[in-house]
Amino acid sequence: MPELPEVETVRRSLLPVVLGRPISKVEVLTERIVQNRSIAEFQGLLTGASFEDLHRRGKYLIFSVGEWELVAHLRMTGRLIYYSSSTIPRAKHTSAVFSFHSGDELRFEDVRKFGTLDLVPKGDYASIKGLHSLGVEPISPEFTAELLWELCRGRQAKIKALLLDQTKIAGLGNIYADESLFAAGIHPERSSASLTEAECHRLHRAIREVLEEAIAHQGTTFRDYRTGFGQEGAFQNRLQIYGKKGEACPRCGVNLAHKKVAGRTSHFCPACQREQP
DNA sequence: AAAACCGCCTGTCGGC
DNA sequence: TGCCGACAGGCGGTTT
């Protein structure tokens, strides 16, 4: 599923092909994708305009369009893919299509239709609760080991739940939360408050290293995720534990375990990640 | 305040 | 073979 590395990969792949191109037509095939605005208004404000820049915040993609911003979230199965020609057949679950004058297109495809598009005045995220309340960017200088320590202090929530809480740290999902906890040797059910300062330092470093390496390999394609060019990522080949229940731990050889933690299937090594340290 | 649960959707998979 | 429930997991909303 698209988490920070996947969304960042989509951003980087789309940057060279969608900026500064006048939009000739906006089609919305799945109406529920457009939030807080009528389809007609959405189309009217974007038609004739151009995307001037493309940013990412957490798992959100933010296209600059004049005095407006188009905010996209892929949720579970969304894809934003650039097609060099409108004659390329559309995928079955195409939700929206932005056509450029030159005949190429940016398409939002989404099997499960959870993805969203918001058009808001630049910087006005009050209507997008998730974006408005987003926590620190984990690959920014503001995310320090000390900040992670502060986030954990006094919180009884399981560390896995805290890592998935977008209002604390922006962009981690199930895959990278599990991979980071494994890299740091921390059990997902440990209470956040029980982490030592040294463990927070290890976890901080693990989060940054896992995310950076995943970005370097264009993200993880399990099923649905594709880059902005429709290609699969490669980080699935470098995952240490995610989706590997019953296989041997790459570090110690013990069979990997899995169980529901904070409502999500969680993978961990019962030997390398002790519940009681 | 925080955690647990549900709804939103569709495709896939395992069991019978 | 086909049917059926469980499951996948991000997020908003509601309940506990």
Side-chain angles (χ1 to χ4, degrees), chain A residues 1-10 28-37 56-62 71-80 90-96 108-118 120 125-135 137-138 150-181 188-194 211 214 219-226 232-233 235-236 239 241-246 258-268:
Chain A
M1 310 297 140
E3 304 178 28
L4 188 154
E6 289 74 35
V7 178
E8 177 62 19
T9 301
V10 171
V28 178
L29 300 102
T30 303
E31 299 204 354
R32 70 194 308 278
I33 194 176
V34 176
Q35 313 280 301
N36 301 319
R37 200 169 291 280
R56 180 194 55 77
R57 184 80 173 86
K59 301 172 193 170
Y60 290 87
L61 280 170
I62 304 172
V71 180
H73 197 303
L74 304 174
R75 286 294 205 277
M76 307 285 290
T77 58
R79 299 169 168 177
L80 268 171
R90 287 181 184 176
K92 181 180 175 186
H93 298 289
T94 302
S95 292
F108 195 123
E109 303 169 354
D110 191 359
V111 167
R112 290 172 71 175
K113 308 186 199 311
F114 292 169
T116 58
L117 290 172
D118 268 287
V120 299
Y125 304 138
S127 63
I128 311 173
K129 208 176 169 190
L131 178 55
H132 193 61
S133 61
L134 217 48
E137 271 300 314
E150 289 296 324
L151 289 172
C152 288
R153 263 171 58 186
R155 292 187 193 277
Q156 289 311 303
K158 291 165 182 164
I159 186 61
K160 171 81 182 263
L162 186 138
L163 293 184
L164 293 175
D165 184 345
Q166 302 299 300
T167 71
K168 305 289 192 301
I169 303 171
L172 288 176
N174 207 30
I175 296 173
Y176 299 110
D178 279 4
E179 291 289 318
S180 298
L181 287 167
E189 290 185 289
R190 291 270 305 281
S191 87
S192 305
S194 77
L211 293 177
T220 301
T221 297
F222 252 65
R223 177 180 306 280
D224 299 288
Y225 160 70
R226 294 292 186 278
E232 296 188 359
F235 195 70
Q236 62 276 13
L239 293 173
I241 57 159
Y242 187 85
K244 298 183 185 294
K245 64 176 179 182
H258 76 115
K259 69 184 293 192
K260 285 256 186 208
V261 179
R264 312 275 168 66
T265 302
S266 300
H267 309 73
F268 59 96

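On a predicted model such as this, the values are computed, not experimentally measured, just so you know. In what follows, chains carry the letters A, B, and so on, assigned in the order in which the sequence lines appear, proteins first and then strands, with residues in each chain numbered from 1.
If you measure from atom CG of A/Leu74 to atom C1' of B/dC9, you get 16 Å, rounded to the nearest angstrom. Between A/Glu189 atom CD and B/dA3 atom P there is a gap of 13 Å when expressed in whole angstrom units. A straight line from CZ of A/Phe222 to C1' of B/dT12 spans 14 Å, rounded to a whole angstrom. Summarising the geometry, the separation between CG on A/Asp110 and P on B/dC9 is reported as 11 Å, rounded to the nearest angstrom. Atoms NZ (A/Lys245) and C1' (B/dC13) sit 11 Å apart, rounded to a whole Å.
Closest-nucleotide positions on DNA chain B for A/Arg223 and A/Lys168 were compared, and the one nearer the 5' end corresponds to A/Lys168.
Summarising the geometry, atom CD1 belonging to A/Ile241 is positioned 9.0 Å from atom OG belonging to A/Ser266; distances are rounded to the nearest 0.5 Å. A/Glu3 contributes atom CD, which lies 10.0 Å from atom CD of A/Glu179 (distance to the nearest 0.5 angstrom).
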Strictly under 4.0 angstrom, non-hydrogen atoms only: write out the protein contact profile of nucleotides 9-16 of chain C, one letter per nucleotide from the 5' end, B, S or -. BBSSS---
DNA chain C base-pair string [pairs: Watson-Crick or G-U under 3.5 Å; |: paired with another strand]: .|||||||.|||||||
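The P atoms of B/dG14 and C/dG9 are separated by 15 Å, rounded to the nearest whole Å. If you take atom P in C/dG13 and the same atom in B/dC9, they sit 15 Å apart, rounded to whole Å. Taking atom C1' on both B/dC6 and C/dA6, the two are 16 Å apart, rounded to the nearest angstrom.
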With side chain to side chain contact (heavy atoms under 4.5 Å, CB included) as the test, would you mind laying out the steps for A/Leu74 and A/Asp110 before giving the verdict? CA-CA 8 Å; A/Leu74 304 174; A/Asp110 191 359; over 6 Å; no
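With a 6.0 Å radius and a threshold of 12 heavy atoms from other residues, nucleotides or ligands, A/Glu31 has its CD atom at or below the threshold. A/Lys113 NZ: more than 12 foreign heavy atoms inside a 6.0 Å radius.
With B/dA2, B/dC9, B/dG11 as the candidates, the nucleotide lying closest to the side chain of A/Arg32 is B/dC9.
A/His93 has no side-chain polar atom (N or O) that falls below the 4.0 Å cut-off from OP1 or OP2 of B/dC9.
Under the side-chain contact (heavy atoms from CB on, under 4.5 Å) criterion, A/Thr9 pairs with A/Gln218, A/Tyr225, A/Thr227, not counting sequence neighbours.
Although no hydrogens or angles enter the test, the distance criterion places a donor-acceptor pair under 3.5 Å between the side chain of A/Tyr60 and the main chain of A/Leu131.
Side chain to side chain, A/Tyr176 and A/Glu6 meet the donor-acceptor criterion of an N or O pair below 3.5 Å.
The existence of a salt bridge linking A/Lys259 and A/Glu189 is confirmed by a sub-4.0 Å separation between a basic side-chain nitrogen and an acidic carboxylate oxygen.
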